[in-house]
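What follows is a short report on a single structure.
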Amino acid sequence: SRISLKIRDKSFTLQTMQRWSIKLSQALALSRNRGWLHAGMLMLGAVAVMAAFFNLKIWYEPPTEPDKLAHFLVGRWVAASVFLVAYSAIIVRVLLVARTGRSLTRMLLIVPILLAGSLFLALAVALLCAVAKEVLDLGGLGSVEWFDVNATLAGAATLVPAVALIMACTPVFIPLDMLMQLPRLLFVDMQSGLQAIDTYARASKEHAGAGGPAEVLLVEDDIVCATAAMNFCKAVGMRCHHVATIADADAFLRANIKTMRLVMLDNFVRADDRGRNITGRDWLLALKDLPFFQQRRFLLVVISGHTSLLGPAAELADLVLQKPWQPRQLLQFLKQQGL
């Protein structure tokens, strides 16, 4: 009883984790949520880069004179403030695109251009502030030092490497718009894949447990197509044996040639254990001159999504069906052949 309780607890935990994972994947697939996540990552990244470069003194030397140093620092603060305000406007624009349901990827492609414009705007505002200060000094508020304008621009220019790094990192976020949709697609594919495997396993088990020799040889490497074909054989009352390679098909056909009534063959199937990628077309061309094939009593139906590539092998088949095929068409053909 303790073991069963532990198993139940683990099963409940796994189911809970699965439900939360599905909810998270569905949330990430929404355009609006992806927009918020993009905006948060872009804004936090920009602030972090700006803060890091703001405190580094590797590629520049601040002025030593107190007055020039003050203008240098003011230029940096003004430029940084203007840039971050402009960057916030870019983020708002990204969110507006997300709310309208349009492509975020297209919007993110022009973000580097907007960043460059924001940098030029920050430098221009810093320059205007420096010039305005000197103009006010001309009115008697202080002493005019036009070299202070150079110090202000030098301080603002120290932000250029930070903006360049932000521009370089922006394309990294473009594939993220698509990558955030992958979890939902993976869960959908996983669920549909597991359902397809379960359906195929049930169909194979029914044919294997039907008793008696197999009357139909099915050569197909896609389990969804194979399940449809096996369900058709069950509906018409014939036992089916399914293989996925030409090597297995050839061996089974030679061993069960007397009981075989129908062969359903796909053109492109899986490579065998030796890595030989033999197609249905190649197999038919190799069989056409063999006595047991020329004297065959079974019908041969080729079901392929590329019937135009069969070439001369199409003439060796009694019927060629293009995927997706109609069961009624095959049923009518079998009735006409007296099967």
Side-chain angles (χ1 to χ4, degrees), residues 185 188-189 191-204 206-207 214-254 256-257 259-272 275-290 292-339:
L185 298 176
V188 172
D189 290 343
Q191 290 177 347
S192 60
L194 291 175
Q195 292 173 358
I197 292 174
D198 290 340
T199 305
Y200 169 77
R202 286 195 298 268
S204 300
E206 290 175 354
H207 282 279
E215 302 170 286
V216 180
L217 172 61
L218 172 63
V219 189
E220 174 64 68
D221 63 345
D222 188 293
I223 62 172
V224 177
C225 297
T227 303
M230 287 191 289
N231 289 337
F232 172 84
C233 293
K234 178 186 176 182
V236 299
M238 292 195 298
R239 185 186 175 195
C240 175
H241 179 76
H242 171 235
V243 296
T245 65
I246 296 299
D248 293 337
D250 188 79
F252 187 85
L253 180 61
R254 292 174 185 269
N256 300 272
I257 189 66
T259 61
M260 199 57 50
R261 302 176 67 190
L262 174 65
V263 174
M264 303 172 69
L265 173 66
D266 187 15
N267 186 24
F268 295 109
V269 293
R270 189 178 305 161
D272 59 24
R276 294 175 299 179
N277 191 12
I278 305 173
T279 65
R281 173 183 179 274
D282 299 334
W283 187 43
L284 292 181
L285 294 177
L287 290 177
K288 69 175 183 178
D289 296 328
L290 299 180
F292 85 94
F293 186 79
Q294 294 178 349
Q295 300 172 3
R296 61 185 172 92
R297 297 180 180 180
F298 59 86
L299 296 175
L300 179 59
V301 178
V302 176
I303 304 177
S304 174
H306 306 277
T307 54
S308 60
L309 301 179
L310 290 173
E315 301 177 358
L316 302 175
D318 299 299
L319 177 66
V320 177
L321 294 177
Q322 174 74 31
K323 290 181 180 180
W325 56 284
Q326 295 294 331
R328 292 182 178 180
Q329 184 179 358
L330 179 56
L331 180 61
Q332 183 180 2
F333 168 76
L334 296 180
K335 287 182 178 180
Q336 291 175 354
Q337 299 297 323
L339 194 62

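Since we're looking at a predicted model, the values are computed, not measured. Excluded from the calculations below are hydrogen atoms, water molecules and symmetry mates; all remaining heavy atoms, backbone and side chain alike, are included.
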| Do you know which two heavy atoms are closest between M264 and W325, and how far apart they sit? | CE-CH2, 4.4 Å
| request: Describe, in one word, how the ring planes of H242 and Y200 are oriented to each other, choosing from parallel (under 30°), tilted (30 to 60°) and perpendicular (over 60°). | output: perpendicular
| field | Working for side chain to side chain contact (heavy atoms under 4.5 Å, CB included), residues V243 and L217 | value | CA-CA 8 Å; V243 296; L217 172 61; 4.0 Å; yes
| said: Tell me whether Q326 at atom CD has more than 12 heavy atoms from other residues, nucleotides or ligands lying less than 6.0 Å away. | reply: no
| Where do D221 and F268 land on the side chain to side chain contact (heavy atoms under 4.5 Å, CB included) test, with the steps shown first? | CA-CA 8 Å; D221 63 345; F268 295 109; 6.0 Å; no
| query | Is Q337 atom CD crowded by more than 12 heavy atoms from other residues, nucleotides or ligands, each under 6.0 Å away? | reply | yes
| said: Please give me the minimum heavy-atom distance between V302 and A317, naming the atom from each residue. | reply: CG2-CB, 3.7 Å
| CZ on R270 to CG on N277, rounded to 0.5 Å | 11.5 Å
| query | How far does CG of L285 sit from CD of E315, to the nearest 0.5 angstrom? | reply | 10.0 Å
| query | Do D282 and I246 come close enough that some side-chain heavy atom pair is under 4.5 Å? | reply | no
| said: Any carboxylate oxygen within less than 4.0 angstrom of a Lys/Arg side-chain nitrogen, looking at R296 and D318? | reply: yes
| remark: Rounded to the nearest 0.5 Å, the CG atom of L290 sits from the CD atom of Q295 at a distance of 11.0 Å
| Criterion side chain to side chain contact (heavy atoms under 4.5 Å, CB included) on L321 and F333, from CA distance to verdict | CA-CA 11 Å; L321 294 177; F333 168 76; over 6 Å; no
| Nearest heavy-atom pair of G305 and Q322: which atoms, and what distance? | O-NE2, 2.9 Å
| Value rounded to 0.5 Å, distance of CG in D272 from CG in D248 | 8.0 Å
| said: For A214 versus F252, what's the shortest heavy-atom pair and its separation? | reply: CB-CZ, 4.0 Å
| note | What one should report as the nearest heavy-atom pair of R281 and N267 is N-OD1, 3.1 Å
| Which heavy-atom pair separates N231 from A203 by the least distance, and what is that distance? | OD1-CB, 4.0 Å
| remark: Rounded to the nearest 0.5 Å, the OG1 atom of T245 sits from the CD1 atom of I278 at a distance of 8.5 Å
| Rounded to the nearest 0.5 Å, how far does CD of Q329 lie from CG of L319? | 6.0 Å
| query | Under 4.5 Å between any side-chain heavy atoms of L284 and L265, yes or no? | reply | yes
| query | With a 4.0 Å cut-off, would you call R254 and D250 a salt bridge? | reply | yes
| query | Heavy atoms, side chains only, cut-off 4.5 Å: are D198 and Q195 in contact? | reply | no
| V269 side chain reached by W283 side chain, heavy atoms, under 4.5 Å | no
| field | K234/M230 under side chain to side chain contact (heavy atoms under 4.5 Å, CB included): CA gap, chis, key distance, verdict | value | CA-CA 6 Å; K234 178 186 176 182; M230 287 191 289; over 6 Å; no
| message | Do F293 and L300 have side chains that approach each other closer than 4.5 Å (heavy atoms only, starting at C-beta)? | response | yes
| E215 side chain to M260 backbone, donor-acceptor under 3.5 Å | no
